[in-house]
Amino acid sequence: MSAIRAIRGMSDILPAESVDWRTLETTVAAVLDSFGYDQLRLPLVESTELFSRSIGEVTDIVEKEMYTFDDRNGESLTLRPEGTAGCVRAAIQHNLITTPCRLWYAGPMFRYERPQKGRQRQFHQIGAEVLGIATPDIDAELIILLARVWRELGLTSAVTLEINSIGSSDSRLRYREALVAYLDTCRGELDEDSQRRLASNPLRILDSKNPQTQALLDGAPALADFLDDESRADFQRLCDLLDVAGVAWRHNPRLVRGLDYYNKTVFEWVTDRLGAQGTVCAGGRYDGLVEQLGGRSTPGIGFAMGMERLILLLRELNLAAPSRTADVYVVTVGDAAQDAALGCVQSLRDSGAAGRIEQHAGGGSFRSQMKKADRSGARVALIWGEDEVAGNAVTLKLLRGEGGQQTLPLAQLDNALRQALARTND
RNA sequence: GUGGCCGUAGCUCACCAGGUAGAGCACCGGAUUGUGACUCCGGAGGUAGCGGGUUCGAGACCCGUCGGCCACCCCA
C-alpha cells in the first residue's frame, strides 16, 4: 500500500513555517486595515469566462495554466489563477463600487506551471484593489502602503521598486506597431521565444531575459515616447509623490506586465535574493477592466504579493521566527494528581498566567514525563504527585538557567508562575 | 511544455571492481520504584521511490516511470 502524497506543486505548510505565515498575514492585514482597506473573502472557483475575459485570451495563464473543469451541470469552472478578476466581479455584483472603494483579499491561487524556487501550482497572494479613483495619488498610496509593509517586515533593504507607465491602450497600440516594425527588420537575430512573441504579445519582448535580445532593444523605439499626454503627466505626478513620501523608486522603461488588463502605471517590487523568481509583489492600473466585466466604466488599480516568495525572503534574511516552544509543562503522577491538576490548569488559562501550557497526556513514568517537559522547551514544569495532592500544593520547577524548585500552596500558584516566567523571559 | 542535477532509516549522509545496508542526530526504554538536561546501556525503525532489463547475483549498470531541486518559459 503506497502512501498518498500531496499533489505536485501544492505544498504543505508545516509547523516550522506556519508561524512566519501568520506573522506575515497579520502584519500585512494590519497595514491594510490602517489605510482603510476592507477585506473581501472570495470563492476559489469562478466561471472560466471571468478569467478569459479579464486576463486575456492569448496569455499563457489562460491558454495553458488554468485548472479548468466542468461542473456537474456542464458549466466550465476554473480555480482562480489570480485575485483581481474575482475581486472586481464581486465588487460589481454587490454594488460595492462607491468612491472610495478600497478592498483587499488573501488566499490561494492556482496555476499549472512547472514548480521551481518561488513558484508553486498552489500559491498564496494577498492583494488589494482600489476602484473608482483615476488620479495617480491613489497609485502612490498603494506603493506607500507597500513600502510600510516591507518596513514592518524588515525587508526594505532587500527589495527595490520598479515603476513604469505603459500608457493608454491607444498609445500602446501605436507603440506596438512601431516595435514590431523595428523588430521585423532584425527578426533573424531574435531568440526563438521572442520571435513567437512578435506575433502574440510583442510588448513582452521588452522584458526578455535574453541578453542578445536586450541588446537589440537598445535601438528600438521607446515606449515612453509613445505615451499619451495624460499617462505621461500622471506618471510624473506619481514619481513626484513617491519622492515626497520618501519611497525610493527606479524607472524601468522596459517593465511591462503579463496580464492584458493593465494600462498606465505598472510596478514591481523585486529582489535579487531569490533566484529566478525575484518579483515579490506586482501591480498596476486597469482602467478598462470593470467595464470589460460588465460594470459601468470605472478606473481601478491594485497589486498582489506572493506569500511564498516573501516567506523565502524572510528566511533568506534570517528573519524567520524560531519554532515555538511551550512556556509551561504540566506533569502529573496518578489519577488523583491528574484530577487535581486539571482544575488548576483551567484557572491558569482563565487568568492568562502563561501563554502556552502543555499538559502531559499519554501516560508514562514520572521520569519520562520530565523528559518530555524538557524537550517541550518549557521554562517551567508544574508537578503534581502524591505529596502535592495530599498537601493541596503544587511543585513549580524551573527547567532553564540555574533551575531550582519549590512546593507551594495552590493559592500561590498563579502569582508564583507569573513571576517565574517573567524572570526567565529573555 | 523544454533542459540539467538528484532520489539509501524521521533528518544529514556513508558503503559501493555489482556479492543480499551502516553512522551521527532524532525517537523509545532503562541505569535513578518523585525529577529533565550531561553520561552510560539497550531498543525500534529501510522490500535502497516504483517498474522492467543486464547478471549466477543490482542500492550500485541500462531503460522507463513517479517524485524533488534548479533553470528556461511564464509570473506573485
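These figures come from a predicted structure and were not determined experimentally. Per chain, numbering begins at 1; letters A, B, ... match sequence-line order.
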Checklist entry - Between A:Cys281 and A:Trp150, does a side chain to side chain contact (heavy atoms under 4.5 Å, CB included) hold up when you go through it step by step? => result CA-CA 11 Å; A:Cys281 175; A:Trp150 311 143; 3.7 Å; yes

Next on the checklist: For a side-chain hydrogen bond (donor to acceptor under 3.5 Å, both in side chains) check, start with the C-alpha distance between A:Thr395 and A:Thr407, then their side-chain angles and the critical distance, and finish with the verdict.
Outcome noted: CA-CA 4 Å; A:Thr395 295; A:Thr407 301; 2.8 Å; yes

Item to check | Audit row: A:Arg197, A:Ser194, side-chain hydrogen bond (donor to acceptor under 3.5 Å, both in side chains) steps and yes/no | outcome: CA-CA 5 Å; A:Arg197 284 184 287 226; A:Ser194 293; 3.2 Å; yes

Checklist entry - What one-letter contact string describes nucleotides 64-72 of chain B from 5' to 3', where B marks a base within less than 4.0 Å of any protein heavy atom, S marks contact via sugar-phosphate atoms alone, and - marks no contact? => result ---SS-BBB

Next on the checklist: For nucleotides 28-33 of chain B, give me one character per nucleotide, 5' to 3': B if any protein heavy atom sits under 4.0 Å from the base, S if the only such contacts are to the sugar-phosphate, - if neither.
Outcome noted: SSBB--

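In this structure the side chain of A:Asp260 never reaches within 4.5 angstrom of the side chain of A:Ile55, judged on heavy atoms. Here the side chains of A:Leu399 and A:Val380 are not in contact, with every heavy-atom distance at 4.5 Å or above. Considering only heavy atoms from C-beta on, A:Val31 comes within 4.5 Å of A:Leu145 through its side chain.
Using a 4.0 Å heavy-atom distance criterion, A:Ala304 is classed as a sugar-phosphate-only contact. Within 4.0 Å of A:Glu386, counting heavy atoms only, lies at least one base atom of the nucleic acid. Here A:Val280 lies in heavy-atom contact (under 4.0 Å) with sugar-phosphate atoms only. Among the atoms of the strands shown, base atoms are found under 4.0 Å from some heavy atom of A:Gln405.
Sorted by first and then second residue, the pairs that involve residues 6-23 of chain A and meet side chain to side chain donor-acceptor pair (under 3.5 Å), not counting sequence neighbours, are A:Asp20-A:Arg315. For residues 23-47 of chain A, every residue pair satisfying the salt bridge (charged side-chain N to carboxylate O under 4.0 Å, His left out) rule, not counting sequence neighbours, is listed here: A:Glu46-A:Arg89.
OP1 or OP2 of B:rC74 lies within a sub-4.0 Å distance of a side-chain N or O belonging to A:Arg197.
Taking the centre and axis of the six-membered ring of A:Tyr67, the NZ or CZ atom of A:Arg111 falls outside the cone set by 45° and 6.0 Å.
The base of B:rG34 is paired with the side chain of A:Glu388 by a donor and an acceptor separated by under 3.5 Å.
For A:Lys64 and B:rU2, the NZ to P distance is 12 Å, given to the nearest whole Å. Taking atom CZ of residue A:Arg196 and atom C1' of nucleotide B:rC73, one finds them 7 Å apart after rounding to whole Å.
Judged by distance alone, with hydrogens and angles left aside, the side-chain atoms of A:Gln125 form no donor-acceptor pair with the main-chain N or O of A:Gly127 at under 3.5 Å.
Among the nucleotides B:rC73, B:rG1, B:rA76, the one closest to any side-chain atom of A:Tyr112 is B:rG1. If you check B:rG36, B:rG1, B:rA76 against the side chain of A:Asp374, the one that comes closest is B:rG36. For A:Ile383, the side-chain atoms get nearest to B:rG34 when compared with the rest of B:rG34, B:rC73, B:rA76.
The side chain to side chain contact (heavy atoms under 4.5 Å, CB included) with A:Lys264 is formed by just one residue from the set A:Asn164, A:Leu238, A:Ile301, A:Asp287; it is A:Asp287.
Listed by residue number, the members of residues 141-150 of chain A with any heavy atom below 4.0 angstrom from RNA chain B form an empty set.
Side-chain atoms of A:Glu129 and A:Thr84 include a donor-acceptor pair closer than 3.5 Å. Side-chain contact, A:Glu358 with A:Ser376: no donor N or O sits under 3.5 Å from an acceptor N or O.
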Next on the checklist: Only Watson-Crick and G-U wobble pairs with both distances less than 3.5 Å should count. Give RNA chain B in dot-bracket notation, marking inter-strand partners with |.
Outcome noted: (((((((..((((.....[..)))).(((((.......))))).....(((((..]....))))))))))))....

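Nucleotides B:rG4 and B:rA76 are separated by 29 Å at their P atoms, to the nearest Å.
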